[in-house]
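What you see below is based on every heavy atom in this structure, not just the backbone, and it leaves out hydrogens, waters and symmetry mates. Order of appearance sets the numbers: ligands from 1, and atoms from 1 within every ligand.
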Amino acid sequence: MSAGDVAVRPIYKESLHWQGRCNGESIVIYLSVDGAVTPMRVLESDSIASVKMRIQRCKGISEKKQKLISSGRELARNNALIKEYGVTAGNVLHLVLRLSDMIFIVVRTICGEEFEFQVDRYRNVGYLKQRIKKKGKGFVDLEGQEIFCGEEELDDQRLFRDICNSDDGVIHLIVQKSAKVKAKAVHKDLELSVVADEQDAGENQAAKVPTGVDFWLEPVFGNPEINVFPFLWDLINATFDGLKNRNHPIRSSEGTGGTYFMQDSAGVEYVSVFKPIDEEPLAVNNPAGLPVSSNGEGLKRGTRVEEGAVREVAAYLLDHPRTGPRLISGEAIGFAGVPPTVMVQCLHQAFNHPNGFASSSKHSKIGSLQMFMANHGNCEDLGPGAFSVQEVHKITVLDIRMANADRHAGNILFRRDAGGNTLLIPIDHGYCLPETFEDCTFDWLYWPQARQPYSPDTVDYIKSLDAEKDIELLKYYGWDVPVECARTLRISTMLLKKGVERGLTPYAIGSIMCREILNKESIIEEIICEAQELLLPGMGESVFIESVSQIMDSHLDKLSE
Ligand SMILES: Nc1ncnc2c1ncn2[C@@H]1O[C@H](COP(=O)(O)OP(=O)(O)OP(=O)(O)O)[C@@H](O)[C@H]1O
């Protein structure tokens, strides 16, 4: 996309131009936010982090909440330079905001009682009152309850999204318990603080939606012989009941794709998360307005647009429980805790239908339906010190196996249990099993737990992994795994297994998979390249994999000397 495609706003005082920077290597690029475009002068040697800092200074958007995309690629590495991503004069940087959905509310009464709530920004004040009533019996009389913000009375229909409109997602209200509940300017002792935690083109091949219905949901089977696990049926049925009771899907403010929270039949809790393939980043109906991919490649190298859902399901299927394959044990949650995920088709007006909506199969969407996991935010909000070694290690095993190209801390939710333990929940696996290792990044690489050796239990789990069986399993579920993705799985599983045999830590293994700097190949890429050079015409995949194995051995032996 060139600057000519968009209307450019005049440069105003607090524009994104550098003040007093030399012109030597400076270029003008364009920043596009929600369709509004602002010119921005940068140096080609500026890092992505420094560009984000400038956007933060000029536009007041925290750099943590910024996702920058240029020419169909996410500028994911903060330490990489603008020029390394190939950004040149006149290019457009698309800024996608990652607003938090979940808001933590601490209600403190004058008597010193305290109640904690977690709501999302699309809930209203009436909903909070219901929650207060349920939790704090006798705390307030729901009938007589009124909540104020400053001098303004908040009516029951008011959404937290509209109250919590500051970028850092924090609202301070006051509760004055008199005959009524009142909220006004901040006062420490009487505080109700609302803290936002950081936390139709796609016509499908699925079965026809019954005529005359305005919503629909059913699983999509790649293989008609598959028996859907009972817990997945429960998930599908609970989601269906929510739709039947007119509790519509609610779009998440986070994320670059269309992600919808599906409500239960009472409209009180979320039961699942639906991600339609035609709304993925760079897909034709992406609600964030990102340009459509020019070559079908997804936001991360080696991934394809509209294949996010199949990868989400694959990550779940391959997250085998400790006790053995799910097909035998029937256990819902696996070693790493990927939430149960299933492929479905869903029809609803609330999804993004830029060309209009009609109750017909044509407008139903294929996508992944994942169990909604109650959480207290994501790992971007906490320092890694809060997590146990085992919790971090389970994520590292998953990411290494799946060669995850999108493991930033925001894609790990956390939940504290009553005993104060913090459980990590990995989500967002749409960029797993890429065809190449180029974009593999693991935020946990820099966490201290990654430098600890795996426990004997974890080593046993890793030893039990079998990439060939995994590929068969994915095929059985109907994903005709492309040869390149199967190769990725074989090589990453091999690396993990060989690594633990030599006592390597997740850090050591992960470092082999990730590029240290953007344009320098990682060790695993070098190994693959070396093996490719040895490959003679007519040699099959197994010979290639054997050659990778031998080269990998010699690299690892050197490492562990
Ligand atoms: N299984 C889940 N349980 C609870 N919340 C979830 C779940 N999956 C997603 N979410 C919430 O929805 C938000 C958006 O989801 P997700 O990160 O998967 O979307 P995305 O568009 O793929 O994001 P990204 O831009 O990080 O690639 C998450 O940040 C999280 O808050």
Side-chain angles (χ1 to χ4, degrees), residues 64-69 73-76 94-104 118-122 169 196-199 232 235 238-239 249-264 269-283 285-290 298-300 303 305-313 315-316 319 332-333 336-342 351-352 367-381 404-415 423-432 434 439 441 443:
K64 270 181 159 184
K65 295 186 174 164
Q66 300 174 28
K67 206 162 206 182
L68 290 175
I69 291 154
R73 191 165 186 207
E74 185 192 343
L75 313 186
H94 294 269
L95 172 63
V96 181
L97 302 185
R98 298 173 48 231
L99 290 175
S100 175
D101 289 303
M102 303 317 277
I103 296 176
F104 286 105
Q118 189 187 25
V119 297
D120 79 72
R121 56 179 60 236
Y122 297 98
D197 193 86
E198 293 301 303
Q199 345 184 34
L232 286 176
L235 182 72
T239 307
I250 295 170
R251 199 186 132 209
S252 163
S253 336
E254 283 184 72
T256 28
T259 299
Y260 295 86
F261 296 120
M262 312 297 279
Q263 309 189 61
D264 67 359
E269 306 289 346
Y270 293 149
V271 283
S272 61
V273 174
F274 177 57
K275 296 172 79 170
I277 57 173
D278 66 318
E279 297 193 27
E280 287 174 13
L282 313 187
N285 290 330
N286 175 259
L290 292 175
L299 214 45
K300 305 286 176 174
T303 63
V305 176
E306 300 205 346
E307 284 189 1
V310 85
R311 289 180 155 81
E312 294 266 10
V313 175
Y316 175 64
D319 184 25
I333 301 292
V338 177
T341 314
V342 60
F351 302 137
N352 193 36
S368 57
L369 187 79
Q370 185 169 78
M371 186 177 286
F372 179 86
M373 306 297 278
N375 63 87
H376 294 103
N378 68 54
C379 291
E380 264 173 9
D381 312 334
N404 192 352
D406 196 21
R407 178 58 78 217
H408 58 80
N411 282 340
I412 309 176
L413 305 176
F414 72 86
R415 181 164 71 215
L423 176 82
L424 299 184
I425 306 164
I427 57 161
D428 202 1
H429 301 113
Y431 297 114
C432 279
D439 270 347
T441 44
D443 265 10

Side-chain heavy atoms of Ile69 within contact of Leu290, under 4.5 Å:
yes
Leu282 side chain near Leu299 side chain, heavy-atom distance below 4.5 Å
yes
salt_bridge(Lys275, Glu279) N-O dist < 4.0 Å:
no
Looking at the rings of Phe351 and Phe274, which for Trp means the six-membered one, are their centres under 6.0 Å apart?
yes
Relative to the heavy atoms of [X], which atoms of ligand 1 are at a distance of less than 4.0 Å?
X: Ser252; result: 12 (O), 13 (C), 14 (C)
X: Asp428; result: 16 (P), 17 (O), 18 (O), 20 (P), 22 (O), 23 (O), 24 (P), 26 (O), 27 (O)
X: Leu413; result: 3 (N), 4 (C), 5 (N)
X: His408; result: 26 (O)
X: Met373; result: 2 (C), 3 (N), 4 (C)
X: Gly257; result: 21 (O)
X: Asn411; result: 17 (O), 26 (O)

Looking only at heavy atoms of Lys275, does any of them come nearer than 4.0 Å to an atom of ligand 1?
yes
Do any heavy atoms of Gly430 fall under 4.0 Å from ligand 1?
no
Can you tell me if [X] uses its side chain to pair, donor with acceptor, with the backbone of [Y] under 3.5 Å?
X: Asp264; Y: Val271; answer: no
X: Ser252; Y: Ile250; answer: no
X: Arg407; Y: Asn411; answer: yes

Answer side chain, backbone, both or neither: which part of [X] comes under 4.0 Å from ligand 1, heavy atoms only.
X: Glu254; answer: both
X: Met371; answer: backbone
X: Thr259; answer: side chain
X: Asp406; answer: side chain

CZ-OG distance between Phe261 and Ser272, expressed to the nearest 0.5 angstrom:
10.5 Å
What distance do Asp428 atom CG and Arg311 atom CZ have between them, rounded to the nearest 0.5 Å?
13.0 Å
Is any N or O atom of Lys67, backbone or side chain, closer than 3.5 Å to an N or O atom of ligand 1?
yes
Looking at non-hydrogen atoms alone, which of Tyr431, Phe372, Phe261 comes nearest to atom 12 (O) of ligand 1?
Phe261
Knowing that exactly one of Glu312, Glu307, Glu306 qualifies, which makes a side chain to side chain contact (heavy atoms under 4.5 Å, CB included) with Val310?
Glu307
